[in-house]
2 protein chains.
Amino acid sequence: MEKKFQAIYDLLAKEIQTEKIKAGQLLPSENELTERFATSRETVRKALQLLSQNGYIQKLQGKGSVVLEQDKLPLPVSGLTSFKELSRSMSQKVETCVTSLSCKKARGFIQQVLQCEEGTPIWELHRLRKLDGESVIYDKDFLLKELAPGITEEIAADSIYDYLEQELGLSISYAKKEVVVEEAQAEDKAIMDLGSYQQLVVVRSAVYLEDTTLFQYTESKHRPDKFRFVDFARRTK
Amino acid sequence: MEKKFQAIYDLLAKEIQTEKIKAGQLLPSENELTERFATSRETVRKALQLLSQNGYIQKLQGKGSVVLEQDKLPLPVSGLTSFKELSRSMSQKVETCVTSLSCKKARGFIQQVLQCEEGTPIWELHRLRKLDGESVIYDKDFLLKELAPGITEEIAADSIYDYLEQELGLSISYAKKEVVVEEAQAEDKAIMDLGSYQQLVVVRSAVYLEDTTLFQYTESKHRPDKFRFVDFARRTK
DNA sequence: GAGTGGTCTAGACCACGAG
DNA sequence: TCGTGGTCTAGACCACTCT
């Protein structure tokens with residue numbers, strides 16, 4: 001059974017997305033929502049907190065909850081951004097080409113970032129992403145084989161996350177990301193359509209499961225003109 | 001009086017930062033914390049939720065709350081990032097030089113992004129940021145004069161946010177940000193120390209107050225080698 | 001079975017905004 | 001003054017982990 005506060009969140013989020021409740025309008029008051037959903041106020045407030053965190057509403061003491069503009073939030077923002085989500089923002093044709101899928105023993109750099117024993121089996125996956133026929137994103141993934149034994153090229157060409165969560169029941173919980181700009185390497189120039197671009201936007205991320213296991217390390221290189229990152233952030237404190 | 005859940009959060013966050021409780025260890029259980037702080041469990045849980053959101057802990061059902069590694073989180077990340085915070089991550093000497101501070105009537109592009117009436121008085125502020133003597137960041141700020149009438153070059157050289165929040169009592173609430181890479185303009189090349197760099201990382205942000213007023217629009221251009229963005233993100237849903 | 005976190009309830013009092 | 005959201009309480013029951 002779905003949790004109550006999640007159900008309330010889903011319903012209100014949908015009403016905002018479909019503009020059944022428009023930007024600038026007030027949501028029904030917490031007391032009203034409490035009655036409407038036959039629940040307690042704290043439960044309603046959990047749903048509203050989620051809406052607030054995700055940029056749907058702004059709460060105003062003494063007034064109510066105002067619906068915010070939705071327009072410029074094409075990205076899931078501070079959620080875990082997989083390539084599938086990134087490309088949606090570009091609204092273009094997308095192709096994924098698996099250029100390499102191999103199993104290695106952890107050592108050196110990879111062992112260090114995945115924080116595992118030397119010799120631990122690791123999947124190394126290289127993928128080239130094409131937008132409108134141009135190879136503009138190059139991903140290198142490293143993941144613990146133990147946790148995802150059955151990866152295939154077909155799965156890799158789609159979304160690894162979907163496979164992990166839906167097939168294997170693994171729960172991805174959080175990630176640390178770093179975005180920097182670096183010189184394109186010889187390998188990058190050989191495999192990507194860089195034209196005259198000499199630099200790449202590099203997104204490095206470490207992905208963790210619910211039990212805090214570091215499960216995946218990814219290096220994603222983007223041709224600068226095809227890179228865009230959007231964020232919605234609330235002031236902490 | 002400080003809120004209880006905030007006080008609990010502050011105390012636990014400090015204990016984690018100072019490694020009084022080390023990474024990998026469990027926090028005291030919610031029931032224990034409830035007793036220790038002489039409060040209710042829901043209040044303790046609010047504090048723990050904040051810790052979780054900010055990457056301090058990971059909650060494990062049936063086990064407890066594990067403290068996470070703090071090492072690689074030099075940036076406040078998904079908080080509102082002002083320049084002051086950004087530069088801290090570089091651990092270098094920082095200088096801010098106000099190159100221009102003027103008052104204009106809103107029109108055209110600026111009027112549009114600030115969503116105000118034509119002719120509304122607007123501060124336009126240009127700042128050059130130097131790291132180790134090199135001009136590597138160029139900020140252009142536009143803000144509603146009405147809300148921050150007393151801006152001076154001295155204030156602008158420090159942190160505008162501090163002035164707004166501490167002097168004027170304005171509460172910054174949330175922001176939308178976009179990060180892209182663009183060609184350096186003639187103006188950028190003239191005013192920044194770009195060397196052979198032809199491209200810049202551009203961070204555009206819209207800053208909103210608690211009452212959802214759009215208050216500030218900023219364009220921040222970074223020389224690519226001095227740009228770094230770090231993020232901690234939880235999987236939504 | 002005992003202890004943990006996850007969800008939910010039905011109240012209470014407070015601070016703030018608007019009329 | 002009244003309705004709004006913000007905080008807090010003292011319970012309850014559930015799902016999960018560990019032994």
Side-chain angles (χ1 to χ4, degrees), chain A residues 1-12 21 24-53 56-68 169-171 173-174 209-213 234-237, chain B residues 1-12 21 24-53 56-68 169-171 173-174 209-213 234-237:
Chain A
M1 166 185 154
E2 194 181 22
K3 294 139 197 171
K4 252 183 189 176
F5 75 87
Q6 187 72 13
I8 298 173
Y9 169 84
D10 290 342
L11 202 154
L12 291 176
I21 313 178
Q25 291 185 334
L26 289 178
L27 242 48
S29 77
E30 296 182 353
N31 287 324
E32 256 179 88
L33 292 172
T34 300
E35 273 193 46
R36 181 187 302 182
F37 291 101
T39 182
S40 69
R41 199 176 143 219
E42 284 292 351
T43 300
V44 166
R45 282 175 59 73
K46 271 187 199 165
L48 295 187
Q49 199 199 16
L50 274 186
L51 289 170
S52 171
Q53 271 171 18
Y56 285 105
I57 64 170
Q58 171 73 7
K59 307 187 89 183
L60 300 177
Q61 200 173 25
K63 288 172 101 171
S65 298
V66 191
V67 174
L68 298 178
L170 291 177
S171 279
S173 180
Y174 62 95
L209 302 180
E210 280 190 341
D211 64 359
T212 77
T213 314
R234 284 198 172 273
R235 184 78 158 167
T236 59
K237 189 171 213 184
Chain B
M1 163 181 154
E2 193 180 24
K3 296 139 197 170
K4 253 186 189 174
F5 75 87
Q6 188 72 4
I8 299 173
Y9 169 84
D10 289 341
L11 202 154
L12 292 176
I21 313 178
Q25 291 185 332
L26 289 178
L27 242 48
S29 78
E30 295 182 352
N31 286 324
E32 255 180 270
L33 292 171
T34 300
E35 272 193 46
R36 181 186 304 181
F37 292 101
T39 181
S40 70
R41 199 175 141 218
E42 284 292 350
T43 300
V44 167
R45 283 176 57 76
K46 271 187 199 165
L48 295 188
Q49 199 198 18
L50 275 186
L51 290 171
S52 170
Q53 270 170 20
Y56 285 105
I57 63 169
Q58 172 73 8
K59 308 187 88 183
L60 301 178
Q61 198 172 25
K63 286 171 104 170
S65 298
V66 190
V67 174
L68 298 179
L170 291 177
S171 279
S173 181
Y174 61 96
L209 301 181
E210 280 192 338
D211 63 359
T212 78
T213 314
R234 283 196 174 274
R235 183 79 159 167
T236 59
K237 188 175 220 183

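Below, read A as the first sequence line, B as the second, and so on, with proteins coming before strands; counting in each chain starts at 1.
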Checklist entry - Within less than 4.0 Å of OP1 or OP2 of D:dT4, is there a side-chain N or O belonging to A:Asn31? => result yes

Checklist entry - In whole angstroms, how far is the C1' atom of D:dG5 from the CG atom of A:Leu26? => result 12 Å

Next on the checklist: Can you tell me which nucleotide in C:dG6, D:dA10, C:dT4 comes closest to the side chain of B:Lys59?
Outcome noted: C:dG6

Checklist outcome for this item: Taken to the nearest whole Å, CZ/B:Phe5 to P/D:dT9 is 12 Å

Checklist entry - Sub-3.5 Å donor-acceptor pair from the side chain of B:Ser52 to the main-chain atoms of B:Leu48, do we have one? => result no

Item to check | d(NZ, B:Lys3; C1', D:dT9) in whole Å | outcome: 18 Å

Checklist outcome for this item: Ranking A:Gly62 and B:Glu42 by the position along DNA chain C of their nearest nucleotide, the one closer to 5' is B:Glu42

Item to check | Separation of atom NZ in A:Lys4 from atom C1' in D:dA12, rounded to whole Å | outcome: 14 Å

Checklist entry - Picking from C:dG5, C:dT4, C:dC8, which would you name as closest to the side chain of B:Arg45? => result C:dG5

Checklist entry - Between D:dT9, D:dG6, D:dC8, which one does the side chain of B:Thr39 approach most closely? => result D:dT9

Checklist entry - Would one find a side-chain N or O of B:Lys63 under 4.0 angstrom from OP1 or OP2 of D:dC18? => result yes

Next on the checklist: Quick check: closest heavy atoms across B:Thr34 and B:Ser40, and the distance to 0.1 Å?
Outcome noted: CG2-C, 3.8 Å

Next on the checklist: Rounding to an integer number of Å, can you tell me how far A:Glu210 CD sits from D:dT17 C1'?
Outcome noted: 14 Å

Checklist outcome for this item: In whole angstroms, the gap separating C1' of C:dG3 from CG of B:Leu27 amounts to 16 Å

Next on the checklist: Check the phosphate of C:dT7 against A:Thr43, side-chain N and O only, distance under 4.0 Å to OP1 or OP2. Yes or no?
Outcome noted: no

Checklist entry - Can B:Asn31 and B:Ser29 be counted as having a side-chain donor-acceptor contact under 3.5 angstrom? => result no

Checklist outcome for this item: Of the listed D:dG6, D:dC8, C:dT4, the closest approach to the B:Ser29 side chain comes from C:dT4

Checklist outcome for this item: All heavy atoms of B:Lys59 vs all of B:Arg45, minimum pair found to be NZ-NH1, 3.4 Å

Checklist entry - Which is true for A:Leu48 with a 4.0 Å heavy-atom rule: it touches a base, it touches only sugar-phosphate, or it touches nothing? => result nothing

Checklist entry - Among C:dT4, D:dT9, D:dT4, which nucleotide sits nearest the side chain of B:Ser40? => result D:dT9

Item to check | DNA chain C: 5'-proximal contact among A:Gln61 and A:Arg41 (nearest heavy atom) | outcome: A:Arg41

Next on the checklist: Determine whether a donor-acceptor pair (N or O, by modelled atom type, separation under 3.5 Å) exists between the side chain of B:Gln58 and the backbone of A:Asp211.
Outcome noted: no

Checklist entry - To the side chain of A:Lys46, which of C:dT7, C:dG6, C:dA18 is closest? => result C:dT7

Checklist entry - When the distance from CD of A:Gln58 to C1' of C:dG17 is rounded to whole Å, what number comes out? => result 15 Å

Next on the checklist: Expressed as a whole number of angstroms, how long is the span from A:Gln49:CD to D:dT7:C1'?
Outcome noted: 13 Å

